[in-house]
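To start, the structure itself, in structure tokens.
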Amino acid sequence: MPEWLFDFLSGPTIKIAEAIWNSSMRLIIKLVCSTPQKFSTGTWAFVKENLYPWAEGIGLSALNLFFMIAFLKAVSNLHQNITLEMVIEAMIKVVVANVLYLNILNIMTTIFSISSAMAKEVFTIDAPDLKVKDMDIGSALFYQLFGLLFILAAIVCSFLMLWTVYSRYIKLYLLMILAPFAMSALVGGQEIERSFYAWMRTFLLNAFEIVVIALTMVISFKLIGAGISLFDGKNIATSMVDGFWDALNSLFTMILVTAAVKGSNAFLSKAMGL
């Protein structure tokens, strides 16, 4: 089918969907390869210079409070004697908490840079476009019947993927603010110090989630580029309507890639026990 006739029959559907999808993919790849420091310099400066010092002041006070709580709890426990090992363990935790207070921002910044560099190294291929290879009557029929659904799918999938990446940065900024509270919980005894380990697991999960997202996208792009299709019109229709199945594959490409990216956080949590 001549391209001008295909454009006339399919209308602006494929061009609109392609523009939305390709623009979103370029933006997502750019965001994936960025760090919280570069993602929004203004937000980073506000969190670092305003919110973090506020949380740090409260966290330092909580450090002394939690240490006293742990000490009084140990003293009041008549079933357990205070041993030299317990004292040494408590002092080690106090030292570790203070060292973390002094270096936690540098540690977090380093981890951000590492995860961003890993994600950047992964992206060696570009996102596949949604262009139909067989522009025939079948593809034109698909866009006539399901054109609005195709555009809607492109909008929804692009939004979900952008929100997955965008919300990660919001979580990282929040985890920065919560860091001083987590550090102070380290000296609060077995019950309270769980907050520190929970924060650490959550921080590592969200920091390196971007690497799994990058891997997921690249593997999905490779599968699509390899020609793996859910529908093959050659076995079930004549060659004149093969484009219908190509268009349907494009629709499912957007949906499956989006579902895989949305599940990256849960996959990393299960795979690494975070």
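Position 1 is the first residue of the sequence, and the numbers go up from there.
Listed here is the closest heavy atom pair of A55 and I177: CB-O, 3.2 Å. The two residues S184 and G59 have their closest heavy-atom pair at CB-O, 3.3 Å. Minimum interatomic distance between S116 and T35 (heavy atoms only, all atoms of both residues): CB-CG2, 3.3 Å. For the residue pair S115 and I210, the shortest heavy atom distance occurs at O-CG2, 3.9 Å. Of all heavy-atom pairs spanning L268 and V212, the tightest one is CD1-CG2, 3.8 Å. Smallest separation of non-hydrogen atoms from A154 and I20: O-CG2, 3.8 Å.
Remark: S23 pairs with R26 by the side-chain contact (heavy atoms from CB on, under 4.5 Å) rule, at least two apart or across chains. The ring-ring contact (aromatic ring centres under 6.0 Å, His included) check on Y169 picks up F39, with sequence neighbours excluded. With sequence neighbours excluded, the residues that form a side-chain contact (heavy atoms from CB on, under 4.5 Å) with N206 are K171, L172, L175, T202, E209, N265. Looking at residues two or more places apart in sequence or on another chain, you find no side chain to side chain donor-acceptor pair (under 3.5 Å) involving T258. In this structure S269 satisfies the side chain to side chain donor-acceptor pair (under 3.5 Å) test with no other residue, sequence neighbours excluded. Every residue two or more places apart in sequence or in another chain was checked for a side chain to side chain donor-acceptor pair (under 3.5 Å) with E121, and none qualifies. By the side chain to side chain donor-acceptor pair (under 3.5 Å) test, T110 pairs with no residue at all, sequence neighbours left out. Residues passing the side-chain contact (heavy atoms from CB on, under 4.5 Å) test with L27, sequence neighbours excluded: L31, L162. Not a single ring-ring contact (aromatic ring centres under 6.0 Å, His included) links Y173 to another residue, sequence neighbours left out. Under the side-chain contact (heavy atoms from CB on, under 4.5 Å) criterion, L174 pairs with I170, not counting sequence neighbours. Residues satisfying the ring-ring contact (aromatic ring centres under 6.0 Å, His included) test with W44, not counting sequence neighbours, are none.
To the nearest 0.5 Å, the span separating CZ on F267 from CG on L215 amounts to 9.0 Å. Atom CD1 of I28 sits about 6.5 Å away from atom OG of S158, to the nearest 0.5 Å. For the atom pair CZ (F112) and OG1 (T109), the distance works out to 6.5 Å, reported to the nearest 0.5 Å. Here CG of L160 is found 12.0 Å from CD1 of I155. Values are rounded to the nearest 0.5 Å. Taken to the nearest 0.5 Å, the CE atom of M25 stands 4.0 Å off from the CH2 atom of W21. Once rounded to the nearest 0.5 Å, the distance linking CG of L205 with CE of M272 reads 10.5 Å.
The backbone N or O of K38 sits nowhere less than 3.5 Å from a side-chain atom of T41 that would complete a donor-acceptor pair.
The neighbour count for M118 CE, taken as heavy atoms of other residues, nucleotides or ligands under 6.0 Å away, does not exceed 12.
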| Hey, mind stepping through V257 and M161 against side chain to side chain contact (heavy atoms under 4.5 Å, CB included) and telling me if it holds? | CA-CA 9 Å; V257 172; M161 292 182 68; 3.9 Å; yes
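Screening residues 45-63 for side-chain hydrogen bond (donor to acceptor under 3.5 Å, both in side chains) gives no qualifying pairs among residues at least two apart or on separate chains.
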